[in-house]
Amino acid sequence: MINILFVCLGNICRSPMAEFVMKDLIEKKNLTKEFYIASAATSAEETGNPVHHGTRNKLRELGISTAGKYAVQIKKSDYGKYDYILGMEQRNIAGIMRIVGGDPKGKIKRLLDYSLNPRDIADPWFTGDFEETYHDVKEGCEALLASILKSEKFI
Ligand code: 4NP
């Protein structure tokens, strides 16, 4: 079982988008049983709130539902629970490190560090551009999945 946690600032825009795009990718590869995938926030600002309508609408266009997802904050114990902890931007990495207290196993990276063009994913809460967010998230999730499927963690 591979455990993946996607993390952003609020857990209402980018990280839930990554969670449900990744679940869709692995479902299409018939690998759902091999993975546990979730998302969380570094801040407690949006705790308990549903997915932002910008993310919901973009994913609905693609036939992907976010039903049942409400924002949660990452906990220190999540470091032991997950194999991959993926922030959306550098600021999230600092927020994750503050909560989990360090990264001795090298689990914490930006999602797009797995892509050929490592970079931050801009916050659509501020940009309003959920289309751009989706393209970045999809690129990152595809690159992450390809990397996992090549790694020795995937048995
Ligand atoms: P997210 O977007 O980190 O992609 O979920 C944000 C959501 C809420 C806030 C900031 C970013 N906020 O300031 O409440």
Side-chain angles (χ1 to χ4, degrees), residues 2-28 35-103 105-148:
I2 309 269
N3 299 292
I4 303 172
L5 184 66
F6 295 104
V7 181
C8 63
L9 182 61
N11 193 215
I12 57 170
C13 300
R14 292 165 294 177
S15 62
M17 187 184 279
E19 173 186 340
F20 289 98
V21 165
M22 192 70 172
K23 284 176 172 169
D24 185 62
L25 286 177
I26 64 159
E27 192 184 324
K28 286 178 175 143
F35 287 83
Y36 179 79
I37 299 170
S39 64
T42 56
S43 92
E45 204 71 31
E46 301 287 347
T47 296
N49 287 342
V51 176
H52 189 285
H53 57 83
T55 289
R56 269 209 319 266
N57 291 344
K58 181 62 214 167
L59 295 187
R60 190 185 297 125
E61 274 175 30
L62 303 161
I64 300 173
S65 167
T66 63
K69 171 62 189 170
Y70 298 94
V72 294
Q73 189 179 22
I74 186 173
K75 302 188 291 285
K76 191 172 171 64
S77 58
D78 287 331
Y79 190 78
K81 180 171 172 185
Y82 290 95
D83 305 301
Y84 294 85
I85 300 176
L86 288 324
M88 301 296 123
E89 60 181 317
Q90 200 57 43
R91 177 185 179 190
N92 305 145
I93 304 300
I96 296 165
M97 294 288 264
R98 176 172 47 77
I99 291 168
V100 305
D103 186 18
K105 298 199 168 158
K107 298 177 177 184
I108 303 173
K109 291 194 169 59
R110 291 178 306 180
L111 178 57
L112 283 173
D113 286 341
Y114 285 89
S115 82
L116 293 173
N117 178 17
R119 62 195 189 278
D120 285 350
I121 298 181
D123 193 339
W125 172 267
F126 298 109
T127 67
D129 190 346
F130 284 84
E131 198 59 42
E132 179 190 40
T133 309
Y134 172 70
H135 284 286
D136 286 350
V137 162
K138 182 162 174 279
E139 179 182 337
C141 287
E142 286 174 348
L144 172 65
L145 183 55
S147 170
I148 292 171

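We're numbering straight along the sequence, starting at 1. Order of appearance sets the numbers: ligands from 1, and atoms from 1 within every ligand.
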Item to check | Residue pairs fulfilling side chain to side chain donor-acceptor pair (under 3.5 Å) with at least one residue in residues 68-79, sequence neighbours excluded | outcome: N11-K69, S39-K69, Y79-D103

Next on the checklist: If the condition is side-chain hydrogen bond (donor to acceptor under 3.5 Å, both in side chains), which residues does R110 pass it with, not counting sequence neighbours?
Outcome noted: D113, D120

Next on the checklist: Counting C-beta onward and ignoring hydrogens, is there a side-chain heavy-atom pair between L145 and F35 closer than 4.5 Å?
Outcome noted: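 They are in contact (side-chain heavy atoms under 4.5 Å apart), so the answer is yes.
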
Checklist outcome for this item: salt bridge (Lys or Arg N to Asp or Glu O under 4.0 Å) filter on E131, not counting sequence neighbours, yields K58

Item to check | Mutual orientation of the aromatic rings belonging to W125 and H52 [parallel < 30°, tilted 30-60°, perpendicular > 60°] | outcome: perpendicular

Checklist outcome for this item: Chain-and-number sorted residues having a heavy-atom contact under 4.0 Å with ligand 1 are C8, L9, G10, N11, I12, C13, R14, E45, E46, D123, W125

Item to check | Working for salt bridge (charged side-chain N to carboxylate O under 4.0 Å, His left out), residues E142 and K138 | outcome: CA-CA 6 Å; E142 286 174 348; K138 182 162 174 279; 3.3 Å; yes

